[in-house]
Protein chains: 2
Amino acid sequence: MNASPKDGRSSSSAHSSTRESARSRSGDALRAAQMYYLQDLTMNAIARELQTSRSTVSRLLSLARDTGLVEIQVNNPAHRAPSLENEIRRRFGVEAHVVPVSGTLDDSEALDRVAIQAARTIGPLVDSNAIIGVAWGSTLSAVSQHLTRKSTHDSTIVQLNGAGNTQTTGIAYASEILRRFGYAYGARVEQFPVPAFFDHAETKTAMWAERSVLRILELQRRMTMAIFGVGSTNSGIPSHVYSGGYLDEADLRMLHEKSVVGDVATMFFRADGSHRDLQINQRSTGPNLDLLRQVPRRICVVSGETKISGLRGALAAGLPTDLILDEASAHLLVQGSSD
Amino acid sequence: MNASPKDGRSSSSAHSSTRESARSRSGDALRAAQMYYLQDLTMNAIARELQTSRSTVSRLLSLARDTGLVEIQVNNPAHRAPSLENEIRRRFGVEAHVVPVSGTLDDSEALDRVAIQAARTIGPLVDSNAIIGVAWGSTLSAVSQHLTRKSTHDSTIVQLNGAGNTQTTGIAYASEILRRFGYAYGARVEQFPVPAFFDHAETKTAMWAERSVLRILELQRRMTMAIFGVGSTNSGIPSHVYSGGYLDEADLRMLHEKSVVGDVATMFFRADGSHRDLQINQRSTGPNLDLLRQVPRRICVVSGETKISGLRGALAAGLPTDLILDEASAHLLVQGSSD
DNA sequence: AATGCTGATGCACAGACGTGCACACTCACC
DNA sequence: GGTGAGTGTGCACGTCTGTGCATCAGCATT
């Protein structure tokens, strides 16, 4: 990053012990973080030692947090009674992270809180040399806004499915989502410049032979992690995909007729997880679900009870390995399904 | 712990979705911690959701921290310029954790801050099924007072060397140190009820064949981690060992004559790390240093510039794998030794 | 030299936080 | 049934912390 060459002037002859060890902003941030979080000094005390003002220390500390210098983990001791997490793991075979939210919140606020916690949960899982597939949609957009930075080497963010669409332009936000991920983890960003759905399956076939597309597909094949939400057909507030002009009337009718319950990255499935025979998936640019299932870590973020039926389908299809969802939905999930 | 059966009174009849999921104190602590550290809510907001007062939330949060529910790490990005840590690793082959302290602190305060940070650094390294050897002395005493709890299964704390001594009684604190470690990590504590030094090497030989002693030695052989300070002969403030009545005049003279620079767990060594020919070690109850070197993780905590020469010896002898020390000492350490 | 721009700083204030204290409740023992 | 120890709670207070604002230094452009 900012390779400030100010270190050359080590000098200061025999400066007893204070000595300007990396007197850079981030160096100070590290020292401040150690003193604050590891030695329990107050910001005032730190300011004195760093010879600066208390408010600067406050800012240094938020820098340290935002920058990933400080990592705060909340570990859920697995050995608690029949916690929701355990229950979900037992029934669906996925690692669950239940986000506590009081039931009386409006949807967008709940989404926001799930997103914050999701972002912080994902952080520690990101490694160097990772290839991270990222979908788009309101959930992922919210998550992307709360990522904390963590510098990695040689990581790549790759778009899971096309976002193109004739009607709205607002969908430039797909690339915005990717950009945020890339920024947070210091990773290359690989967009997937295709529409969400082709009009004709043949076009897809043709495009899938193009080298520009093949490069993306190859990256997707090598993904080490995938992050996505779910769409749900019966959602009260329909997902982007269902209302944003991606699908026409006929498509929607067809989804209903074929008992589709939801989608992940614009690949649709039924309640039992079946999907291979759905024609529309041959026009979708999302990842082949069989391929997706081979990604070592597949994180699904869900907020809102209306998405439950879509989520059930995704679970039946074995798509996620990790599930981050709000408490109310978690309750519904375990209630609705028999043991 | 306190299995308070107070849950029976669920009350509030059909409370829509709040629902008393594990409405125990530590359950609330977990929820509060998630909301505070993962969702950035204020304590007030959390209090509302948990239907309690803000001050209770404050207390829940400190419980969560003390209890190890919340873990705060400060990671030092290795890829910074010639940091002290890197320099020490390169020269001495140990992982260094330099504790920032302004040079103008009195010794006991510096020790305290090194100890706090040491305690927090050690925490994440402790695992289940660990066997942790712990020495005693002023440094370890300070560290033991700041350990944060972390529940483990089936771990053991084993005393590294005897603490018995005819003169002072205050040495009951050796067991106090162990007790604190045991409490913090939920581990069994195995004391080593022998004097620090035998008067006659033969007594040690005899004792070392006793089954009670063999049990401890066997545990020591299987240690997964050892934690110790260093003693330094030229220390201005002499370590306990050198002043507490463990050694007589003749012993001290001998240490000087043989060019002993310090000790770890009452096993002495010279500046070059040599120790096998020191007679006194045959009367000491500390662990054979060759054996100590086989422990996978060996953490040495040092505060105070007077201990540098002892520390140099310990490094020459290859005793620590990890070194936690204050900044001033770290500077001295790298300065004094040629590249 | 004057200019505007960017980013860091300190000040001051409002809001958030930790903690001593008094009180209420539970449980165990008399 | 009474009583006392132990524990958890809310209140109130003083301290600690985040942040808008004005300022200033550094730097590039005119």
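Quick caveat: nothing in here was measured; it's all calculated off a predicted structure. Naming: A, B, ... by sequence-line order, numbering from 1 per chain.
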| query | When the distance from CG of Leu60(A) to C1' of dG10(C) is rounded to whole Å, what number comes out? | reply |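 Answer to the nearest Å: 13 Å.
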| Between atom CD1 in Ile46(A) and atom P in dG10(C), what is the gap in whole Å? | 15 Å
NZ/NE/NH1/NH2 to OD/OE distance under 4.0 Å, [X] and [Y]:
| X | Y | answer |
| --- | --- | --- |
| Arg120(A) | Asp40(B) | yes |
| Arg180(B) | Glu176(B) | yes |
| Glu327(B) | Arg113(B) | no |

| Do you see a donor-acceptor pair shorter than 3.5 Å between the side chains of Thr56(A) and Ser53(A)? | yes
| task | Could you pull out all residues at least two apart from Val74(B) that satisfy side-chain contact (heavy atoms from CB on, under 4.5 Å)? | result |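 Val74(B): side-chain contact (heavy atoms from CB on, under 4.5 Å) contacts with Leu30(A), Ala33(A), Gln34(A), Tyr37(A), Leu38(A), Val70(A).
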Dump every N/O contact between nucleotides 15-19 of chain C and the protein below 3.5 Å, one line per pair.
residue : atom : partner  : partner atom : Å
dC17(C) : OP1  : Tyr36(B) : OH           : 3.1
dC17(C) : OP2  : Met43(B) : N            : 2.9
dG18(C) : OP2  : Ser58(B) : OG           : 2.8
dG18(C) : O6   : Arg54(B) : NH2          : 2.9

| Distance check: side-chain N/O of Thr56(B) vs OP1/OP2 of dG8(D), anything under 4.0 Å? |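 Indeed not, no polar side-chain atom of Thr56(B) lies that close.
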